[in-house]
Amino acid sequence: MSCGACCAYFRVSFYWGESDLHPLGSVPASCIEKLDERFAVMRGTDSKHPRCEALEGTIGELVRCSIYAKRPTPCRAFLIHGQEGPNEACNTARAAHGLCRIDLGLYTAV
Ligand code: SF4
């Protein structure tokens with residue numbers, strides 16, 4: 001809610017069957033673009049300067065995913081660095097937006 005860097009750094013691609021075009025999918029078709037015969041991407045992320053169109057707000061201040069309950073697998077799998085172990089990709093995205101590193105110990109129980 002206070003970051004959003006990863007939503008505006010990576011290409012978010014996934015099997016098209018996750019879209020609601022498929023009976024078992026949930027990602028709104030209006031939010032995706034076809035990548036190829038098997039994969040789709042979140043609209044806005046297949047770009048030189050990616051920013052998912054489902055992301056609302058200002059990165060590093062206050063953001064929200066407008067389709068949070070229906071977001072695709074890569075978004076569910078991408079955790080904050082240290083949340084359940086290391087994820088340097090998180091800090092890479094943060095650095096690209098001028099945000100500070102997250103300490104690996106942030107989520108360690110005290
Ligand atoms: S679908 Fe939501 S969580 Fe996934 S990249 Fe877009 S804004 Fe971020």
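Note that ligands are numbered from 1 as they come in the structure, with each ligand's atoms numbered from 1 the same way.
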Provide the closest heavy-atom pair for P28 versus D20 in the form atom of the first, atom of the second, distance.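 Heavy atoms of P28 and D20 come nearest at CA-OD2, 3.4 Å.
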Atoms of ligand 1 less than 4.0 Å from [X] heavy atoms?
X	answer
M42	1 (S)
C75	1 (S), 3 (S), 4 (Fe), 5 (S)
L55	7 (S)

If you have a sec, work out which protein heavy atom is nearest atom 8 (Fe) of ligand 1 and how many Å separate them, to one decimal? C7 SG, 2.3 Å
Linked, directly or transitively: W16 and V12 (ILVMFWY side chains, under 4.5 Å): no
May I ask you to check whether C52 brings an N, O or S atom to under 2.8 Å from atom 4 (Fe) of ligand 1? no
Are any non-hydrogen side-chain atoms of N87 and I80 less than 4.5 angstrom apart?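 No, every pair of side-chain atoms sits at 4.5 Å or beyond.
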N/O/S from C65 sitting under 2.8 Å away from atom 2 (Fe) of ligand 1: yes
Under 4.0 Å between a side-chain nitrogen and a carboxylate oxygen: does that hold for R71 and E18? no
Taking the inter-plane angle between the rings of F10 and F78 on a 0 to 90° scale, is it parallel (under 30°), tilted (30 to 60°) or perpendicular (over 60°)? tilted
